[in-house]
Amino acid sequence: MPDPVALAVGAAWVATAAGMALWVWSWFGEKCPIQRIRYRDCGVVLVIGALLIRVFFPVRPLNAFDWLVLALGPVFIGAALWRLGRTGGQQAR
């Protein structure tokens with residue numbers, strides 16, 4: 001049976017890669033401004049959520065960056081989800 005902590009950390013790295021890919025695609029691949037914002041917001045949620053998972057299952061002592069992610073991460077996730085909700089009904093052109 002695989003170690004649950006190792007599984008969670010591995011899934012967090014996969015989510016980080018997916019979030020970064022969405023963020024890069026929003027800069028270089030997407031032309032529609034609304035879709036561009038939505039890709040960036042999805043990327044922010046994935047990357048910061050993955051960082052929070054890696055902070056919750058530490059393999060090393062927490063440093064200042066980890067505490068900053070714990071303090072500000074939920075604010076950025078909430079803001080991105082709020083904006084995703086606000087732009088969800090608009091049609092991409």
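Values below: all heavy atoms of this structure, side chains included; hydrogens, waters and symmetry mates excluded.
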Does I48 belong to the same Ile/Leu/Val/Met/Phe/Trp/Tyr cluster as L81, with side-chain heavy atoms less than 4.5 Å apart forming each link?
yes

From the list V55, L62, L72, side chain to side chain contact (heavy atoms under 4.5 Å, CB included) partner of W67 resolves to L62

| query | Can M20 be reached from L51 by stepping across I, L, V, M, F, W or Y side chains whose heavy atoms are under 4.5 Å apart? | reply | yes

CD (E30) and CG (L22) are apart, to the nearest 0.5 Å, by 11.0 Å

Next item on the list: Compare all side-chain heavy atoms of I77 with those of V44 and state whether any distance is below 4.5 angstrom.
Entry: no

*asked:* Quick check: do T16 and R54 have side-chain heavy atoms less than 4.5 Å from each other?
replied: yes

Students should find that the hydrophobic cluster of L7, defined by side-chain heavy atoms under 4.5 Å apart, otherwise consists of none

So, R36 side chain and W27 main chain: donor-acceptor pair closer than 3.5 Å or not? no

Problem set entry | In one Ile/Leu/Val/Met/Phe/Trp/Tyr side-chain cluster, 4.5 Å: F28, Y39 | no

Heavy-atom closest pair (I53 atom, A12 atom, distance to 0.1 Å) is CG2-CB, 3.9 Å

Determine, step by step, whether L52 and V69 satisfy the side chain to side chain contact (heavy atoms under 4.5 Å, CB included) criterion, reporting the C-alpha distance in whole Å, the side-chain angles of both residues, the deciding distance to 0.1 Å, and the verdict. CA-CA 7 Å; L52 287 173; V69 168; 3.8 Å; yes

Check your understanding: Does W82 share a hydrophobic cluster with L46, counting links as ILVMFWY side-chain heavy atoms below 4.5 Å and allowing steps through other members?
Key -> no

Value for OG (S26) from CZ (R38), rounded to nearest 0.5 Å, stands at 13.0 Å

CG of D3 to CZ of F57, rounded to nearest 0.5 Å, is 10.0 Å

Residue set satisfying side-chain hydrogen bond (donor to acceptor under 3.5 Å, both in side chains) with R83, at least two apart, ordered chain then number -> D41

Rounded to the nearest 0.5 Å, the CD atom of Q35 sits from the OG1 atom of T87 at a distance of 8.0 Å

CG of L70 to CZ of F65, rounded to nearest 0.5 Å, is 10.5 Å

Would you kindly confirm whether V45 and V14 end up in one hydrophobic cluster when ILVMFWY residues are joined by side chain heavy atoms under 4.5 Å apart?
no

